[in-house]
Structure formats: C-alpha cells, structure tokens
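Encoded as structure tokens, the structure appears first; notes follow it.
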2 protein chains.
Amino acid sequence: MRSKPATIKEIAQLLKISISTVSRALHDHPSIGLTTRQKVKKLASELNYEPNQTAIFLQQGRTLTIGVILPELSEAFFSSAISAIEDCAYKRNYTVLLAQSHDDEQKEKQLVEKMKNHRVDGLLVSVSKNTSSYQHFENLRQYDIPIVFFDRIPAMQNIHYVACNMEIGTIDAVSYLLKKGHRSIGMINGPATLSASGERKEGYIKAMIKNRLKFDPSLIVSCDLTETSTQAALDELLASKRKPTAIVTFNDYVALFAIKHATNLKLKINEDLEFVSYANLPLINYMESIPAASVEQFPYLQGQKAADILLDLLAQKHQGVTEQTAYYKIIIESQLVENSSMTGFKSK
Amino acid sequence: MRSKPATIKEIAQLLKISISTVSRALHDHPSIGLTTRQKVKKLASELNYEPNQTAIFLQQGRTLTIGVILPELSEAFFSSAISAIEDCAYKRNYTVLLAQSHDDEQKEKQLVEKMKNHRVDGLLVSVSKNTSSYQHFENLRQYDIPIVFFDRIPAMQNIHYVACNMEIGTIDAVSYLLKKGHRSIGMINGPATLSASGERKEGYIKAMIKNRLKFDPSLIVSCDLTETSTQAALDELLASKRKPTAIVTFNDYVALFAIKHATNLKLKINEDLEFVSYANLPLINYMESIPAASVEQFPYLQGQKAADILLDLLAQKHQGVTEQTAYYKIIIESQLVENSSMTGFKSK
DNA sequence: TAATGGTGCGCAAACGTTTGCCCGTTTTTT
DNA sequence: AAAAAACGGGCAAACGTTTGCGCACCATTA
C-alpha cells in the first residue's frame, strides 16, 4: 500500500486532459467548464490528492513558513511567547519553524543561515544574550526577508520590534508600595548590561520624583540573578542605614531567592518585608509566600503582536507593496498586577 | 540591493560552463577538474551563493524537517520536551516544524494534514487529551511518514513510542514514606480516565504488598486536578479513620494546591503532613514548602529519546531499508528524587 | 455572411536542483 | 602504434506546481 501521494499529473493522465486544466479546475478557475471541474475534483478526492507544498513553494518563491529563533524554549517566558506565535501563524495559515540559540552567538548565526536556506518568508527573533555583532541579521535585508524582534532587541537601526517597557510598571510598583505606607523601598536590580535594568532604575527614580521623595542610591543594589548574588544583595539592603521595608526585585526568580533568604532570616513576608516583582513565572499563582504584586510583561501578548506584525509585513509584500520605510516599534506597557487577583489576568 | 539570491544557473552562465558542472563542483564530485572546481567555488562564495533548499527538497523528496505536534507549548513539561527535540534535530541537521493542538481533536487532525502537505519527513506527536479516533495517524502509514509518539500515547497497534512508567516511581515514593516511618499514606490521584492514574494506583498497591502491609482503598481518593477538587480530596483524606501522615499527589499542581490548603488548616508541611509528588514543574526548586520528594518524569529525556528514534528511523529509510517490522517501545522508568538535592538532577 | 466575442482547454516555460548517461580529449597500457 | 582506460565535462530529464499565452470551437452580433 506504500503508495506515493497522487499528483496533478496522474489525475491529468487518467482523465486524459492537460495538467494545467487539472490545476485550474482544482482552483475553481472560471475558464474551466463545470463538468470537467467536477470530474477533476471527484477523482482528486478519490485519489486522496493533496498538493505537494514543496513544489508550490519552489514555484511561488514563498513557503508560508516563518522562522522563530529564541534563546531557550524551556523558559516560561519564551514558551508562552512561542505558544502565541504558533497560534497566530496557524490562524493565518502559516507554519512555524523553530530553533533555539541557547544564548550562543555562533549558533544564532548558523540558525539564521539555516532559516534563510529553508526559505522562510520571515523571521521572529529574540536575540541571544551575548550576541555582540548583528551582521547576520543585517545580511537578511538584501534578501528581503523581514525580521521582527521581540523582547530582546538588538541595538540596530531600522528594525521592527515589539518590546515591553518596564518603566511605567516600575513607577506603578514603587507608587503602590509608597501608597501602602512604605517609606524606604529597596530595589534588587539586574546587571547594568541589560537594558531592562536601566528601565527599572529609571522607573524607580521617576516614581520617587513624582511622589516628591528624595532618591537614595544606596537603596538600589545589583545582582547577577543567581541565588547567592541575590542573597548578598538582600543582606546589603538589610544592613543599610535606611533598612527598607519593601523591595522591588528584578524578576520572579530573584524575588523567590530573596523571599527564601528573608524567610530564613525569620522575616515575615508581606509583614516585615514586602515584595514586588516582575512576572516571568506563571506559577507564582501556586505559591504561598509570593510578592504582593507583580509587573506583568505579557509574553503571550508580545509573541502575538510580533507575529501579527510579521504576518502583516508578509501580506503587504505579497500584495506587491515594494518598499516600506516605516518601522514598527511597538512598546507594550508593563502593568502592575496585585497578586491576589492575578488569576484573572493570565496573559492568555 | 534587493538582489534575489544567486543560483547555480547564474554561476554557470558567468563561467560559461554547464549547470551540472557547477552542481558537481560544489559537491566535490571527483569528475570535475581542480581548476574549474576552484573557479566555481570562488565565484559561488563571491556571489554569496546558498543552495535553495526548497528546490532540493522537491528534487530529493525529503525536507530534512520533522513535525512536532503537542497539546500545549506553554506547559512546562512540553516546553522542556520540545527543547530537547529541537536540540536533537539540530545536531542531526534537521529542522523542527512546530504546532500545538490545544487538546483539540479537530485541530490535531488538521495539523497532521498540514504537516503531510509540508512534506515533513517524520512526525513526533504527543496526543491530544480528547482524541478518540486515530484515523488521521493511521493515514500517514501509506505515505511512509514515520511517527513516534511520546508521553501521551494513543491506543494503536504497531506504533513507535516513548513513555514514562509511573509504577516504579510510585513504588519508590511510597516505600520512601514508609521508610520514614509513616504508616498511613494517602494518595490524591487523578481521574480514572488517565492511564497515568492507573499506573500510580498500581504502584501504590504494589508498594504496600512489597512491604507486607495491607492496602486500604479509602486512602486513595481521586480529583480532577483543579484546586477545589484537590481541597475536597484532602479534606476527605484528613477526615478518614486512618488519617494519613503523608500523601502522594498526582502531580505538582495538585501538590501545591494541597500544600496551600493544608497550610491554611494550620498543618505543618513535612512535619504534620509530608508530601511526595510527580515532577511536572521545574520551579519547585524555588519554593519554600515543597514536597519532600518527587517522581521525576524526565521530559527532556523523553523528548530526546523520541527525537533520536525518529531520526534513526529516517536515516534507515534514507539508506534504503525498506520495511521494518519492529517497533520501538521505550519505557523510561520514573525515578524518585529527594527534593533537597534536586538541583543536581535537573533533567537537562 | 462575415466579423466579433466568449468559452473551454492545451502548450510550454519557469522555479533551482541533482544525477544518469553520453562524448570528446588526453593519458596510459600492451 | 593501436587499443583501452581515465579524465573532464555537457545534455536533458525529473521533482510537482502555476500561469501567460494561444487556439479551436460555437454562439452571438451587425
């Protein structure tokens, strides 16, 4: 029974008509008579005919496929994003070619090449953490393969991207804590190399200004996102003159490390010490001691937007729009979410 | 600069030689002289030539692409598995076409069709929860597209699969609790419709027999995996005559619900009431009150095995092995892991 | 009646490769 | 010196589609 799939050619031979007629009949082309059209369709379904996409790809110069390159599939943020991307692609009849860079610049470059060879119509990329040169992305320009970056944006000119701005979320977070009566608010920030750290710091400062409070730089400490580094950061904050009663942490992992450490120090979470964090982890719902509030970054939404933009771009291109000079730069505002009611806010 | 990619044909014209010569030269075919070979390669790299994969696919009848269909990309288990699959595929020069069924039988069927049309060389599937008919998978047989199922296995004959057997892990889990001195051990199991529930129950019973203890059916209660249902199950257990001092829960979500509820009831976790669960969640590392031990299901390993099997199958097929009658049926034994030392056991 | 227009379909090129087969030189063998 | 072998390379088919163009036939119109 190991039959090769039926082709348009076989149908033509069996019906003793030409290949082109079969093709047109299957596409309901007006110039084909009703009777032949029906005959063709009948036989096609009898033979279980399905068009060979690879042939169509070759012929049309497009593959209805988008490539997605991101650092780590198993990270909650990205798996949520890819889930959204796949949903979007599916809705618009595209397929997703997936690859992970493992934050390795070399691999990222290879993947871009591979995607190009596979003739993906467009690319969705969240850049590897330690990618320093962006030539591999620039190269794609001359082949007219559009790229939309999301979340991790390279320092390039004239690119499409969607990212999440942490500043407002941070302002809200700090304001939230101020409103709750805290007067000394600490921040365990990430490494200065990440632009996200800058946004958080800016937000913190702006919140202080906005509330006519004075900014104490010693209340912002950095960590490299590891557990030990987080513990050290917390220790430093707790030892400072103006010992904070609330802390904003760079992300949920840091928050959990800090909460764990604080608990060991016999501090009561949300009483002695209150936390606000940035939501990377969906599972925070299931925990007992959690940050009182989180700044949601909407991974699902980011993936969705990015995919939609790319697909729009491709649709334009297919309709013959030659050259667009405008670039999509979508900033999704982060949003403070109180964690008791978080369930209703699930990004999906 | 919007240049279309260079083709083998252009190279041939520029060098005034034939297309076939160029092709062979690029493949280091012995029948091409050194000088022409070098000329060809030089020009090729100058023109930034890259072979058009879609053309090669059409010509060779294979795409070096495997399709992956699973229920939910954003679930930790699957995102871990897909991460492994992508790694394997990459190593063996394959690419991954990804799609999620959202546990919808109809969509799953469409996806199988789509994958077929895209001419994937093979398929990796974790079946949708409520798929009842498997015809869409059977159909692929006649097109000689191999499928390897993983984790969620359909009730079909003659299939390749890799799955995780919970029985041994459960025996170990119960034995572990017995060894710690518990004499009344409860189980919050999943719905009877899931085969995984059966395995867990079997394991529980066997552990009792093995330790020459009598099995009390009232200590096993079911829940539908929701929070409220879990609470009810726990209440039921706590109200039973032989109030358990330890509980085995169906998965980590259930464990967390139960732990939360128990905490509210002023029970001390791991003192008044000890938990053992099944590890679906990588994040359990970050929590304070966690099950004392977990039965690890190795999602990364499952994905890896499944991908390797599929790729082996494809390699065989490509080397002309006509018909294999043997089917891979890989059972990965689950393994009990004490959670303090869990970090070292990370599946990856 | 002759010109016009519509209808229904076929021819063949094109997409970019790979590869079996053939053929003309040169080199080696006997 | 003649035959055989090796070398280097070209021709063309094939993979399965889509689509511009051309053509024959029949039915209108003037």
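Reminder, nothing fancy here: chain letters follow the sequence lines and each chain counts from 1.
- When the side-chain nitrogen and oxygen atoms of B:T54 are compared with OP1 and OP2 of C:dT17, none of them lie within a distance under 4.0 Å.
- Using a 4.0 Å cut-off between charged nitrogen and carboxylate oxygen, B:D308 and B:K91 do not count as a salt-bridge pair.
- What separates NE2 of A:H29 from P of D:dT17 is a distance of 18 Å, to the nearest Å.
- Rounded to whole Å, atom P of C:dT18 lies 12 Å from atom CG of A:L58.
- Checked for salt-bridge contact, B:D312 and B:K317 miss the test: no charged N lies under 4.0 Å from a carboxylate O.
- For the OP1/OP2 pair of C:dC11 and a distance below 4.0 Å, the side-chain nitrogens and oxygens of A:S18 include no atom meeting the criterion.
- Within the nucleic acid shown, A:I17 comes within 4.0 Å of sugar-phosphate atoms alone, with no base atom in reach, counting heavy atoms only.
- Rounded to a whole Å, the CD atom of B:E50 is 10 Å from the P atom of C:dT17.
- With C:dA14, C:dT18, C:dT17 as the candidates, the nucleotide lying closest to the side chain of B:Q60 is C:dT18.
- Looking at B:D87 and B:Y300, their side chains do bring a donor and an acceptor atom within 3.5 Å of each other.
- Under the 4.0 Å criterion applied to side-chain N and carboxylate O atoms, B:K42 and B:E46 are assigned as salt-bridge partners.
- In this entry the distance linking CD1 of A:I32 with P of C:dC9 reads 6 Å, nearest Å.
- Donor-acceptor pairing under 3.5 Å is recorded for the side chains of A:E72 and A:H102.
- Here A:S31 lies in heavy-atom contact (under 4.0 Å) with a base.
- Between the side chains of B:T21 and B:S18, a donor-acceptor pair is found at a separation under 3.5 Å.
- Closest approach to the A:N52 side chain among C:dT17, D:dT17, C:dC11 is made by D:dT17 (side chain taken as heavy atoms from C-beta onward).
- Counting to the nearest Å, the P atom of C:dT17 and the CZ atom of B:R62 are 17 Å from each other.
- Comparing the local axis fitted to the first five base pairs of the helix from C:dT1-D:dA30 to C:dT30-D:dA1 with the one fitted to its last five gives a bend of 50°, rounded to 10°.
- With rounding to whole Å, A:F57 atom CZ is found 15 Å from D:dC15 atom C1'.
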Polar pairs (N or O, both sides) under 3.5 Å between protein and nucleotides 20-29 of chain C?
| from | atom 1 | to | atom 2 | distance (Å) |
| --- | --- | --- | --- | --- |
| C:dG20 | O6 | B:R24 | NH2 | 2.4 |

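- Remark: P of C:dG16 and CD of B:E10 are 8 Å apart, rounded to the nearest angstrom.
- Between B:I56 and A:L34, the residue anchored nearer the 5' end of DNA chain C, judged by the nucleotide with its closest heavy atom, is A:L34.
- Residues B:T95 and A:H118 have side chains that bring a donor and an acceptor to within less than 3.5 angstrom of each other.
- Heavy-atom nearest nucleotides on DNA chain D were determined for B:R119 and for B:P30, and the one closer to the 5' end corresponds to B:P30.
- One atom, CG of B:L64, and another, P of C:dT17, lie 15 Å apart when rounded to the nearest Å.
- Side-chain atoms of A:S133 and A:Q135 include no donor-acceptor pair closer than 3.5 Å.
- At a threshold of 4.0 angstrom between heavy atoms, the contacts of A:G61 with the nucleic acid are absent.
- By the 4.0 Å N-to-carboxylate-O rule, B:D103 lies close enough to B:R152 to be salt-bridged with it.
- B:E108 and B:T131 are linked by a side-chain donor-acceptor pair at a separation below 3.5 angstrom, with hydrogens and angles left out of the test.
- In terms of phosphate contacts, B:K9 brings no side-chain nitrogen or oxygen within less than 4.0 Å of OP1 or OP2 of C:dA14.
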